[in-house]
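Quick one: the structure is below, and I'll ask about it shortly.
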Amino acid sequence: VGVAQDVRSHAADGLDLTALCVGELTGPNVKGLVDLFQEVGKRELRLLVNSGLVVGLALGLLQSGCSLVLPRRLGGAGRNVTAEPER
């Protein structure tokens, strides 16, 4: 009975999952770690690029629309910067 309790109380000391994972993904096995990061990062990068394109397009359209609708108030497309100011 004493040996079983002793083994149970020290079982976590012999099984360190963090050390096992680090040992498997470093040293000569670093290519596996690089492959893991590339596979996971590929999806996230694709999401960032696509969302950036959509948000950038929407903001560009909004900005050009405001420039056409309110040209004089916002200094947009209707404003002639070379002409003398109106009095």
Side-chain angles (χ1 to χ4, degrees):
V1 176
V3 173
Q5 288 176 348
D6 192 35
V7 169
R8 277 191 216 126
S9 65
H10 296 294
D13 296 339
L15 183 62
D16 186 8
L17 293 178
T18 305
L20 287 174
C21 292
V22 169
E24 285 296 317
L25 296 174
T26 56
N29 300 327
V30 77
K31 185 177 179 340
L33 183 63
V34 170
D35 293 341
L36 177 68
F37 274 103
Q38 286 180 346
E39 185 64 32
V40 171
K42 190 186 311 180
R43 292 185 201 126
E44 292 180 18
L45 182 62
R46 189 178 311 127
L47 173 69
L48 288 173
V49 168
N50 290 340
S51 62
L53 289 173
V54 170
V55 170
L57 178 65
L59 288 176
L61 290 173
L62 179 68
Q63 184 179 12
S64 64
C66 287
S67 176
L68 292 174
V69 171
L70 305 169
R72 295 231 181 237
R73 288 185 184 173
L74 299 177
R79 180 176 173 201
N80 186 356
V81 294
T82 59
E84 293 182 23
E86 295 180 19
R87 295 182 186 166

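FYI, side chains are in, hydrogens and waters are out, and symmetry mates aren't considered; it's all heavy atoms of this structure. Source: prediction; values computed, not measured.
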Apart from L48 itself, its cluster of hydrophobic side chains linked below 4.5 Å comprises none
Can you tell me how far the CD atom of Q38 sits from the NZ atom of K31, to the nearest 0.5 Å?
8.0 Å
Membership question, hydrophobic clusters at under 4.5 Å side-chain separation (ILVMFWY): are L45 and L53 in the same one?
yes
Step-by-step side chain to side chain contact (heavy atoms under 4.5 Å, CB included) determination, R46 to N50:
CA-CA 6 Å; R46 189 178 311 127; N50 290 340; 3.6 Å; yes
dist E44:CD -> F37:CZ (nearest 0.5 Å) comes out at 10.5 Å
